[in-house]
Amino acid sequence: MNATTKPFLKWVGGKRQLLPEILRRVPRQALASGKWAYAEPFVGGGAALLAILDAFPAIPLAVANDLNPRLIAAWRAVQAQPEALIAALQALAEAYLPLSEPERRAFYLDQRARLNAAPPEGIAQSARLLFLNRTGFNGLYRENARGELNVPFGRARNPLLCDAPTLRADAALLRRARVTFHCGDFAEIPRLLPADRPTFFYLDPPYRPLSQTSSFNAYVRTPFDDDAQRRLADFCRALDRSGHRFLLSNSATDDGFFERLYAGFRLERVLARRAVNANPAKRGPLPELLISNYAPEDTP
């Protein structure tokens, strides 16, 4: 990943800390051949998407998906209209930064209410999402049961509200790689890809909680429970039968759940730092699983 190509949002479960382990295990020869497509059914903040597309420019096309319509609208805005998005963010910055802290809080709450009151599409809404991500508490994205963003004001003194170089670099990379962004269920992704083209899937679903009080699923309206994890495992087995390759990350629980679910595939434990947590003492490193259906290649 070059100096300016990086995630433009801070997102719960982001993979920047795990990237070296992911990149070490991707099927390098396949991705460098120009014959394999790339798919990410749970794109989130997109650290893996951007890193893999940057490292393998021969990838001819890619599909990125997420259930969050605001997130996908923002990705589409960055890809298609980066200059309009930059202008909208600069306007928000000019209005926000000179304010006192009480005025900033009121401005933040007004922008949050505007985000929640309107459909997700449009430059203004995507700019609000990025603004709220930089000014909300700890860079969280969290929804209530009605699908409304409910993250409180964050009090950052001098947030970078418009990272124009990153937005431009991300836009250029997404256009070069011909990325299609989709908002829907992960099982819909294969129909968006050419039937005759092999695809490498990186899957980063909402993690199964290590304990009853550590669930990342609390940050989204729709839970990803054990039944969803089982459905995802069935999906991965279907990918394997179709000749695709997949690499999946999840939490390394001690109850053998994933070992049973992915029996017959390669499972490895690695350590990764969890960067988003209200309690700094709980930000890692913690064990994670990397699951794949192919043998690792020799890497530099």
Side-chain angles (χ1 to χ4, degrees), residues 1-66 68 71-72 74-76 78-79 82 130 133 139 141 163-182 186 189 193 198-207 244-250 268 270-276 284-285 288-292 294 296-300:
M1 187 179 294
N2 64 46
T4 53
T5 302
K6 60 185 180 183
F8 57 86
L9 282 171
K10 189 175 183 181
W11 205 254
V12 171
K15 284 296 165 290
R16 296 186 72 175
Q17 303 298 327
L18 194 60
L19 272 180
E21 301 291 349
I22 293 170
L23 292 173
R24 196 172 294 129
R25 290 166 174 81
V26 299
R28 304 180 68 86
Q29 294 181 19
L31 295 181
S33 71
K35 299 177 181 178
W36 284 64
Y38 177 67
E40 211 171 305
F42 306 91
V43 68
L49 174 75
L50 295 170
I52 289 172
L53 294 180
D54 190 56
F56 299 97
I59 293 173
L61 60 96
V63 173
N65 175 75
D66 202 278
N68 189 310
L71 176 63
I72 292 300
W75 276 106
R76 289 170 175 161
V78 170
Q79 182 184 40
L130 271 64
N133 186 252
Y141 183 92
D163 188 352
T166 291
L167 291 170
R168 291 184 176 117
D170 289 354
L173 180 61
L174 297 172
R175 289 195 297 266
R176 186 202 76 194
R178 296 170 55 200
V179 182
T180 297
F181 289 99
H182 180 259
F186 63 84
I189 303 308
L193 292 157
T199 302
F200 170 60
F201 287 74
Y202 171 61
L203 302 110
D204 179 34
Y207 276 21
H244 302 302
R245 296 180 188 176
F246 74 83
L247 176 67
L248 181 145
S249 54
N250 216 309
E268 300 177 83
V270 298
L271 290 176
R273 187 175 182 84
R274 303 268 176 97
V276 178
E288 302 197 9
L289 280 178
L290 288 174
I291 305 168
S292 60
Y294 55 89
E297 300 173 8
D298 292 333
T299 56

What's the spacing between L53 CG and L173 CG if we round to 0.5 Å?
5.0 Å

What I'd like to find out is whether the side chain of V43 reaches to under 4.5 Å of the side chain of D204, using heavy atoms alone.
no

E288 versus L18, closest heavy-atom pair with distance:
OE1-CD2, 3.4 Å

Got a list of side-chain donor-acceptor pairs under 3.5 Å for residues 57-65, not counting sequence neighbours?
| from | atom 1 | to | atom 2 | distance (Å) |
| --- | --- | --- | --- | --- |
| N65 | OD1 | H182 | ND1 | 2.9 |
| N65 | OD1 | G184 | N | 3.0 |
| N65 | ND2 | P41 | O | 2.9 |
| N65 | ND2 | G184 | O | 2.9 |

Do W75 and D66 pass the side chain to side chain contact (heavy atoms under 4.5 Å, CB included) test, and can you show the C-alpha distance, the side-chain angles, and the key distance before you say yes or no?
CA-CA 10 Å; W75 276 106; D66 202 278; over 6 Å; no

To the nearest 0.5 Å, what is the distance between NE2 (H244) and OH (Y294)?
14.5 Å

Over all heavy atoms of both residues, which pair between A74 and L130 is shortest? Give the atoms and the distance, please.
CB-CD1, 4.2 Å

Return the minimal non-hydrogen interatomic distance between S249 and L290, and the atom names on each side.
CB-CD2, 3.7 Å

For residues L50 and P7, report the shortest heavy-atom separation together with the two atoms involved.
CD1-N, 3.6 Å

Side-chain donor/acceptor of E21 to backbone N/O of V270, under 3.5 Å
no

Using 0.5 Å steps for rounding, measure from the NZ atom of K15 to the CD1 atom of I52.
12.0 Å

Report the distance from atom CZ of R25 to atom CD1 of I291, rounding to the nearest 0.5 Å.
12.0 Å

Under the criterion ring pair (Phe, Tyr, Trp, His ring centres under 6.0 Å), which of Y202, F42, F201, F246 is the partner of F186?
F42

Using 0.5 Å steps for rounding, measure from the CG atom of L203 to the CD1 atom of I189.
9.5 Å

Got a sec, which residues hit salt bridge (charged side-chain N to carboxylate O under 4.0 Å, His left out) with R245, two or more places apart in sequence or on another chain?
none

Nearest heavy atoms of A39 and L193, plus distance in Å:
CB-CD1, 4.1 Å

Is atom CZ of R178 surrounded by more than 12 heavy atoms (other residues, nucleotides or ligands) closer than 6.0 Å?
no

Residues which pass salt bridge (charged side-chain N to carboxylate O under 4.0 Å, His left out) with D163, listed by chain and number, not counting sequence neighbours:
K6

Between N250 and L289, is there a donor-acceptor pair closer than 3.5 Å when you use the side chain of the first and the backbone of the second?
no

Would you say that Y38 contacts L49 through its side chain, given a criterion of any heavy-atom pair below 4.5 Å between the two side chains?
yes

Rounding to 0.5 Å, atoms CD (Q17) and CD1 (I22) come to a distance of 11.0 Å

Looking only at non-hydrogen atoms, find the nearest pair between A48 and L19 and report the distance.
CA-CD2, 3.8 Å

Specify whether W11 and Y141 have parallel, tilted or perpendicular ring planes, treating 30° as the upper limit for parallel and 60° as the lower limit for perpendicular.
parallel

